[in-house]
Amino acid sequence: MTLEADVSDLWDRYQDGLTAADATDEDAAVVDEFLAALEAGEVRAAEKTGDEVTSWEANEWVKRGILLNFGLRETEAREYGGVTYHDVLPLRDTDDLGERGTRNTPDGTAIRRGAYLGSDCIMMSPSFVNMGAYVGDGTLVDSCDTVGSCAQLGENVKLGANTLIGGVLEPVEDAPVIVEDGVSLGAGCRVTSGFRVGENSIVGENTLLTPRIPVYDLVEEEVIYGHLPAERRAFTRMVESSVGDHDLFEGGAYKPAVVATHVEEETLEATQREDALRE
């Protein structure tokens with residue numbers, strides 16, 4: 001049987017009542033093999049099926065495999081950096097990172113099992129990459145950044161300090177947050193609830209990208225939700241709220257929106273990748 005078939009069979013048994021106490025060594029071997037495949041980048045929680053950023057789709061069986069690691073494992077006391085913590089999983093073994101030119105700084109850099117980091121990545125402390133996340137080659141995860149469960153980051157992505165990339169595990173059919181190749185997110189950005197950022201886009205500091213906030217795309221002159229097209233410069237602006245004329249709001253009420261326009265040459269130069277950092 002294939003790994004997908006093994007995971008799907010185990011999921012069906014779990015849905016029928018299989019518990020961590022009942023799981024066999026063979027069952028444990030399946031979830032361990034699955035975690036190894038995630039860490040090797042052989043399976044991913046989502047895949048791009050077309051040319052546009054909107055074409056990403058969740059791999060439901062992969063997300064089910066991740067959920068099995070919570071349902072079929074007992075919480076245990078574990079050690080990391082001399083500190084005892086309690087979880088169903090240990091942190092990821094990072095022995096393979098150095099040979100690929102990827103580095104993570106000490107004192108607060110945590111990579112959970114089932115996360116993939118490509119070659120020439122940089123993780124600054126403190127930062128955290130959760131289970132099922134995919135971090136492409138040459139990507140920078142800066143200080144105080146979180147990469148949530150199943151989030152998919154492309155190659156040469158730059159996450160500014162204190163950036164949150166949200167995770168999506170449930171429902172399993174929902175695609176996670178997507179940040180495509182060459183994207184630069186300014187410090188303090190938040191990307192949540194399966195929002196998708198198209199390749200080579202540049203997002204200003206403290207911008208919130210979520211499907212509930214409209215994106216005013218000045219390139220195509222349309223209002224869109226849930227994604228930022230490729231090669232856009234985006235930033236937050238305030239627009240009039242539907243309750244703007246309410247008596248309780250003196251001077252009017254406003255809500256956040258995202259404005260997207262062309263990426264200008266000077267903006268590209270300001271976010272240029274420094275290869276010396278990855279040598």
Side-chain angles (χ1 to χ4, degrees), residues 35-53 55-59 62 66 91-106 109-125 127-161 163-167 175-187 189 191 195-203 228 230-232 263 268-279:
L35 288 177
L38 279 174
E39 292 171 4
E42 296 169 357
V43 298
R44 296 177 62 170
E47 293 181 358
K48 194 174 185 179
T49 60
D51 295 331
E52 301 299 324
V53 70
S55 69
W56 283 85
E57 295 182 1
N59 279 329
V62 174
I66 293 172
L91 294 181
R92 187 189 190 282
D93 188 334
T94 59
D95 289 348
D96 61 318
L97 299 186
E99 64 191 28
R100 296 205 305 275
T102 288
R103 66 181 190 265
N104 59 312
T105 59
T109 298
I111 309 169
R112 209 173 190 198
R113 280 226 63 188
Y116 171 80
L117 268 72
S119 299
D120 300 322
C121 295
I122 301 173
M123 280 191 65
M124 300 301 295
S125 62
S127 58
F128 176 71
V129 178
N130 207 348
M131 186 181 186
Y134 184 100
V135 180
D137 296 349
T139 287
L140 167 65
V141 180
D142 211 339
S143 298
C144 302
D145 290 348
T146 296
V147 180
S149 55
C150 299
Q152 304 290 295
L153 307 185
E155 297 182 1
N156 301 322
V157 170
K158 297 171 69 174
L159 303 184
T163 291
L164 170 66
I165 305 298
V177 170
I178 306 294
V179 181
E180 292 192 330
D181 296 353
V183 168
S184 178
L185 298 178
C189 285
V191 189
F195 194 94
R196 308 169 189 193
V197 184
E199 62 183 14
N200 299 319
S201 288
I202 298 171
V203 181
L228 179 68
E231 299 181 347
R232 295 294 196 272
V263 175
L268 288 174
E269 292 173 356
T271 59
Q272 184 175 0
R273 166 187 159 132
E274 292 293 346
D275 291 334
L277 293 173
R278 294 159 180 82
E279 290 180 351

Closest heavy-atom contact between L91 and R112? CD2-CA, 4.2 Å
Examine distances only and state if a side-chain atom of T163 and a backbone atom of A187 form a donor-acceptor pair shorter than 3.5 Å. no
Please check if the side chain of E57 supplies one atom and the backbone of S55 the other of a donor-acceptor pair under 3.5 Å. no
Measuring from atom CG of L159 to atom CE of M124, what distance do you get when rounded to the nearest 0.5 angstrom? 13.0 Å
Closest non-hydrogen atoms of Y116 and D137, given as atom of the first, atom of the second and distance, are OH-OD1, 4.2 Å
Under the 3.5 angstrom rule, does the side chain of T139 hit a backbone N or O of V157 as a donor-acceptor pair? yes
Any side-chain heavy atom of V147 sitting closer than 4.5 Å to one from L153? yes
Search all heavy atoms of D93 against all heavy atoms of D95 and return the closest pair with its distance. OD1-N, 2.9 Å
Checking R92 side chain against A115 main chain: does a donor-acceptor pair fall under 3.5 Å? yes
When rounded to the nearest 0.5 angstrom, what is the spacing between CG in D120 and OG1 in T102? 6.0 Å
Distance col, row C121:SG vs R100:CZ, nearest 0.5 angstrom, shows 7.5 Å
Would the distance check show the side chain of E42 and the main-chain N or O of A37 forming a donor-acceptor pair, the cut-off being under 3.5 Å? no
Quick check for you: to the nearest 0.5 Å, what is the distance between I178 atom CD1 and K48 atom NZ? 9.5 Å
Given side chain to side chain contact (heavy atoms under 4.5 Å, CB included), test N59 with V43 step by step and report yes or no. CA-CA 9 Å; N59 279 329; V43 298; over 6 Å; no
Looking at OG of S149 and CD1 of I66, how far apart are the two atoms once the value is rounded to the nearest 0.5 Å? 7.0 Å
Does D181 reach the main-chain N or O of E155 with its side chain, forming a donor-acceptor pair under 3.5 Å? yes
Just how far is it from atom CD1 of I202 to atom CD of E231, taken to the nearest 0.5 Å? 10.0 Å
Using side chain to side chain contact (heavy atoms under 4.5 Å, CB included), reason through L38 and R113 one step at a time and then give a plain yes or no. CA-CA 9 Å; L38 279 174; R113 280 226 63 188; over 6 Å; no
Stepwise side chain to side chain contact (heavy atoms under 4.5 Å, CB included) test for W56 and E180: CA-CA 10 Å; W56 283 85; E180 292 192 330; 2.8 Å; yes
For Q152 against G132, the heavy-atom pair lying closest together: NE2-O, 3.6 Å
Kindly check if the number of other-residue, nucleotide or ligand heavy atoms within 6.0 Å of CG (D51) is above 12? no
Identify which one of D142, N104, T105 satisfies the side-chain hydrogen bond (donor to acceptor under 3.5 Å, both in side chains) criterion when paired with S125. T105
Nearest heavy-atom contact between G114 and L35 is CA-CD2, 3.9 Å
Could you report the tightest heavy-atom contact between V203 and C189, atom names first, then the distance? CG1-SG, 3.9 Å
Are any non-hydrogen side-chain atoms of T94 and I111 less than 4.5 angstrom apart? yes
Pair V141, L117 - check side chain to side chain contact (heavy atoms under 4.5 Å, CB included), show working. CA-CA 11 Å; V141 180; L117 268 72; over 6 Å; no
